[in-house]
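A quick write-up on the structure given underneath.
As a basis for the values below, the full set of heavy atoms in this structure was taken, side chains included, without hydrogen atoms, waters or symmetry mates. Every chain is numbered from 1, with letters handed out A, B, ... down the list of sequences.
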2 protein chains.
Amino acid sequence: MSTQDRLIETTRELLWERGYVGTSPKAILQRAGVGQGSMYHHFTGKGDLALAAITRTGEEMRAMIDGLLDAGGSAYERIEAYLLRERDVLRGCPVGRLTMDPDVIASDELRAPVEATIAHLKDRLAVVVQEGVDGGEFAPHLVAADVAAAIVATVQGGYVLARAAGSTDAFDMGVRGLLSLLSPSSPAASRTPSPDLPKD
Amino acid sequence: MSTQDRLIETTRELLWERGYVGTSPKAILQRAGVGQGSMYHHFTGKGDLALAAITRTGEEMRAMIDGLLDAGGSAYERIEAYLLRERDVLRGCPVGRLTMDPDVIASDELRAPVEATIAHLKDRLAVVVQEGVDGGEFAPHLVAADVAAAIVATVQGGYVLARAAGSTDAFDMGVRGLLSLLSPSSPAASRTPSPDLPKD
DNA sequence: GTCTATATAAGGATAGAC
DNA sequence: GTCTATCCTTATATAGAC
């Protein structure tokens, strides 16, 4: 791995652990094992390096989301797959946590990849929810975009609950609660989409 | 207001805006308009002052929650009142945002009031949800504690979505999505709890 | 390209005058 | 109780040697 890559990867780790304001160039350099000069050779400064790191984290997350939602199965199953995917819950979301960082939010450049990643997740989920509504899996009055936002919010908020309590339990509870609301009629039944009906 | 109170109030503001790692004693003193000596006279240091500030914020929030949930109305109405209460959405939650602060999470003392506040909110909502289930307002298969966690998570995550997008819209969408899931059968109908039936 | 040295400011706390 | 002065460390960046 190149020195430049080492810097980006180390920065990704530290941004995840401590956020932007909590991460110093010195901490990055020490953990990466490189000198000051290398960093300022490849990047103009802390912000520039953080931008590269956040961008890469966002790309990775989008790829993971696409992988989960592109897999087969009913709408409910794909949403369930997203909600139940393995996570380091107590570490929080490497993208979402940046929204609580004042310097990230204050910079349109740093916020852009965060916004793009969250928007992508919401949009992809909205399509799945709409498919579920159209296929009769979900209640017909549901607004796909609203439910998608609720799904993303439940996950992001689940991290908050878990970290507040110092335990992953609250995250799991929130996810279970949301899934139970998504399947109101038959909680334990296998859910097969009803066949398409002629629309007239 | 005493100097001590000025310090606490100013610290609450800054913790809300910038979190713990992003808030320096110097910034507090400048905004409060007091000298170094006063702070170190009343508090042992930054952490001690932050503890007082977080504790007060937590107490205020708990009082507000109780006020909302103690008010009359159906279970749905009280949950709706909590979800739709006026908020400075783009500022985030003054308690929840602290869970993303590495130094707060690393300190059991600083985390305690955060945990207590979130737990109180979850517990109070769980009681309301259970009342809604028992009264026939909500689907009988719902687990109150799980749904309560989903409600809190939707709000906390809604802040994340809103701040990522730089707009309050996503917060409102998530709340609408959750409310629509809570009222699956009759989205627009007025919801009157069905009368209690004898339990045997 | 990478390193060490240096510079300026800020973070966080102490000492002691008033 | 409150203030200013001082102290040591860290944050962030630049300069220049190799």
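Of all heavy-atom pairs between B:G177 and B:S180, the closest is O-OG, 2.7 Å. The minimum heavy-atom distance linking A:F43 with A:A52 is given by the pair CE2-CB, 4.0 Å. Nearest heavy atom pair, residue B:L69 against residue B:R78, reads O-CD, 3.2 Å.
When the P atom of C:dA10 is taken as reference, atom NZ of B:K46 falls 16 Å away, rounded to whole Å. Between the C1' atom of D:dT10 and the CZ atom of A:R18 lies a distance of 12 Å, rounded to the nearest Å. Put simply, CG on A:L29 is 11 Å from P on D:dA13, counting in whole angstrom units. In this structure, A:D103 places its CG atom 14 Å from P of C:dA10, rounding to the nearest Å. For B:M39 and C:dG12, the CE to C1' distance is 8 Å, given to the nearest whole Å. Rounded to whole angstrom, the span from the CG atom of B:L7 across to the C1' atom of D:dG1 amounts to 12 Å. For the pair B:D48 CG and C:dA13 C1', the interatomic distance rounds to 14 Å; values are reported in whole Å. We find that CD1 of B:I28 is positioned 11 Å from C1' of C:dG11, with the value rounded to whole Å.
Phosphate contact (OP1/OP2 of D:dC3, side-chain N/O of B:S38, threshold under 4.0 Å): present. Not one side-chain nitrogen or oxygen of B:T3 sits closer than 4.0 Å to the OP1 or OP2 atom of D:dG1. Contact annotation: B:H41 side-chain N/O to D:dC3 OP1/OP2 distance is not under 4.0 Å.
Comparing A:Y40 and A:K26, the nucleotide of DNA chain D nearest to each residue sits closer to the 5' end for A:K26. When each of A:G37 and A:Y20 is assigned the nucleotide of DNA chain D bearing its nearest heavy atom, the one mapping closer to the 5' terminus is A:Y20.
Checked by atom type, the side-chain pair A:R12/A:T57 shows a donor-acceptor distance below 3.5 Å. With 3.5 Å as the limit, one finds no donor-acceptor pair spanning the side chains of B:Y159 and B:R97.
Contacts of B:T23 with the nucleic acid, taken as non-hydrogen atoms under 4.0 Å apart, involve only primed sugar atoms and P, OP1 or OP2. Residue contacts for B:T44: at a heavy-atom cut-off of 4.0 Å it reaches no nucleic acid atom on any strand shown.
With distances taken from any side-chain atom of A:H42 to the nucleotides C:dG1, D:dG1, C:dT4, the minimum falls on C:dG1.
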